[in-house]
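Structure first, commentary second.
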Amino acid sequence: MKEHIAGKTVSEWQEAHPLLTDIMDTSEVYWQNPAYQPKSKEQPITQAELDEAAALFLRFLPFLKKTFPEADLAEEGIVSPLKKIPNMKAELEASFPQTIKGDLWLKCDHDLPVAGSIKARGGFYEILHYAETMAIDHGLLSRSDDYSKLDDVQYRSFFADYSIAVGSTGNLGLSIGIISAKIGFQVTVHMSQDAKKWKKDLLRSYGVTVIEHPADFSVAVKRGREMCLQDQRCYFVDDEDSKNLFLGYTVAAKEVKQQLEAAGVAVNEAHPLIVYLPCGVGGGPGGVAYGLKQIYGEAVHCIFAEPTHAPSMLLGLMTGLHDKVAVQDFGIDNITEADGLAVGRPSGYVAPIIDKLIAGIYTVEDRELYKLLYQLHRSERLFLEPSALAGMYGPARWSETIGKTLDIDSDNATHLVWSTGGSLVPKHDRETMLSKGKEAVR
Ligand SMILES: *Cc1c(COP(=O)(O)O)cnc(C)c1O
């Protein structure tokens, strides 16, 4: 623990924020964001930029279809299903005895093609954007071309002169590594100690260089950044500070709107949409939340979920220090089974964009994630990785915490849990996780 954090002692911080004591004890908490402005119209990112992000994915669709034939991409491209999960709702109602009013839906980003996690949005976007910019700048491509030609040998040898590097706890590395290798870039992924072995193995099978760091996420990012900076032809994907990653995630909001409309689900002030998003550095949940706010305004309320041992965005927003504070400064260890969320410091790009935009953040114990993992599998036959269950804990504790503090009529609310990863987890690892969950449920 640090003696002083931004010039104040820990007890001064505790006095200013009474919830901090529980957070430091790694107890579960719900923090209602005092700066929340449901109606805020601040627009650090313009509608034109959001539209352009969606358009870029569409330009690349012919390339993606050609290079990932096994993914059998839909006409809409890299999209995921939206599913109603009534059996899971019944599970939650029975095990946390309470009634959840309104329907429970799951946005299945664990099922996103190719990368199997929400990182298929941000990670793919950033690399495709970079590849497009490079090819256009070198007079090799124009936006009206059929991008499937990027798979030709002339383009691949052009891209092979450049390299990409990224630091990751696992899933970002997977998505950046896979898409960069397909484009033809040389790519190095710097993995933190939390990264699972199968993720490293899978990357190596795509020809990606994997460097393992016996340290946490921030250190892996720092080392990766340093190594990349020494090479003029290296482009570093900086998960702690990236607008392009963020833009890639925002595109999900339009997709949800179309899916809810198609399902006949109304979203307006009388029928609020409550969205629960697992948060690591904040890019994924932040981008989705930003996109949803632009569409639904005050009819949508976004809640972030973090592990009790890695409440990085919570500390960043509560103290107002954003990326100038890490969980370790307050003596919290950043050790969690939720590897996608094992992040000690929030993104400095994202924190100021979302600090008035999200309704609150809750923390959840690893043990609960395993329980939910087992319960979702038992009730809906869906498998998610532990990080991806963090959002499921929100509806479970709705009446106790979130519902109590949000001033809305929740009778007609729709609950949307964002599932962020899991479809690539190998069978053996799944079984280990499921039996851990089964134990915890007892
Ligand atoms: C990366 C990730 C998140 C969180 O995204 P951030 O951009 O780090 O906030 C959540 N769940 C899973 C499975 C992830 O891989």
Side-chain angles (χ1 to χ4, degrees), residues 80 106-112 115-126 166-178 189 191-192 194-196 199 216-218 220-221 237-250 252 275-291 302-307 310-314 316-317 323 334 336-351 353-354 358 361 364 366 369 372-373 383-394 417-425 429 433:
S80 75
L106 190 69
K107 179 58 177 164
C108 300
D109 272 7
H110 64 281
D111 228 3
L112 277 172
S117 81
I118 189 169
K119 303 298 191 308
R121 300 185 185 278
F124 280 20
Y125 181 82
E126 176 139 10
V166 63
S168 172
T169 64
N171 286 341
L172 184 65
L174 268 186
S175 107
I176 298 281
I178 292 172
V189 174
M191 288 287 200
S192 61
D194 334 88
K196 300 282 175 274
K199 293 185 181 175
D216 94 337
F217 171 76
S218 291
V221 170
V237 177
D238 195 339
D239 198 18
E240 290 183 324
D241 187 15
S242 169
K243 180 171 182 178
N244 280 325
L245 280 174
F246 191 84
L247 281 172
Y249 295 119
T250 62
V275 189
Y276 307 89
L277 297 142
C279 178
V281 292
V288 170
Y290 189 87
C302 299
I303 319 280
F304 284 11
E306 295 190 304
S312 50
M313 188 60 82
L314 171 52
L317 295 191
D323 61 332
N334 188 29
T336 166
E337 293 283 330
D339 52 336
L341 312 179
V343 163
R345 189 186 294 279
S347 159
Y349 176 75
V350 178
I353 295 185
I354 59 153
I358 63 166
I361 303 180
V364 50
D366 284 7
L369 300 179
L372 294 166
L373 183 150
F383 180 86
L384 270 51
E385 63 186 89
S387 299
L389 273 311
M392 197 65 81
Y393 201 52
V417 170
W418 212 277
S419 156
T420 47
S423 67
L424 295 188
V425 177
D429 297 59
M433 291 173 188

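In each ligand, atom 1 is the first atom listed, and ligand 1 is the first ligand listed.
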Review point. So which of Ala390, Ser312, Gly122, Gly282 gets nearest to atom 9 (O) of ligand 1, if we judge by its closest heavy atom?
Key: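 The nearest heavy atom belongs to Gly282.
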
Exercise for review: For Gly280 and Glu306, work out which heavy atoms get closest and say how close.
Suggested key: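 For Gly280 and Glu306, the tightest heavy-atom pair comes out as O-OE2, 4.0 Å.
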
Check your understanding: For Thr336 and Pro307, which heavy atoms make the closest approach, and how far apart are they?
Key ->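 Looking at all heavy atoms of both residues, the shortest contact is OG1-CB, 3.7 Å.
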
Point to revise | Test of proximity, Gly283 against ligand 1: N or O pairs below 3.5 Å | key: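 Between Gly283 and ligand 1 (N or O atoms, distance only) the closest approach is under 3.5 Å.
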
Test: [X] and [Y] ion pair at under 4.0 Å:
X: Lys199; Y: Asp339; result: yes
X: Lys196; Y: Asp429; result: no
X: Arg121; Y: Glu126; result: no

Among all protein heavy atoms in this structure, tell me which lies nearest to [atom], with the distance rounded to 0.1 Å.
atom: atom 4 (C) of ligand 1; result: Gly280 N, 3.5 Å
atom: atom 8 (O) of ligand 1; result: Val281 N, 3.0 Å
atom: atom 11 (N) of ligand 1; result: Thr420 OG1, 2.7 Å
atom: atom 1 (C) of ligand 1; result: Lys119 NZ, 1.3 Å
atom: atom 7 (O) of ligand 1; result: Gly284 N, 2.7 Å

Check your understanding: Taking atom types as modelled, is there a side-chain donor on Ser192 or Asp216 under 3.5 Å from an acceptor on the other?
Key ->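 Asp216 and Ser192 do not have a side-chain donor-acceptor pair below 3.5 Å.
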
Exercise for review: Walk me through it: do Met313 and Val350 pass the test side-chain contact (heavy atoms from CB on, under 4.5 Å)?
Suggested key: CA-CA 10 Å; Met313 188 60 82; Val350 178; 4.2 Å; yes

Practice item. Measure the distances from the heavy atoms of Val343 to every atom of ligand 1 and state whether one is below 4.0 angstrom. Key: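 No, Val343 has no heavy atom closer than 4.0 Å to ligand 1.
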
Ligand 1-proximal atoms of [X], by part, heavy-atom distance under 4.0 Å:
X: Ser387; value: side chain
X: Leu172; value: neither
X: Asn171; value: side chain

Practice item. Check whether any side-chain heavy atom of Pro278 lies under 4.5 Å from a side-chain heavy atom of Ser387, and answer yes or no. Key: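 Side-chain contact under 4.5 Å: no.
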
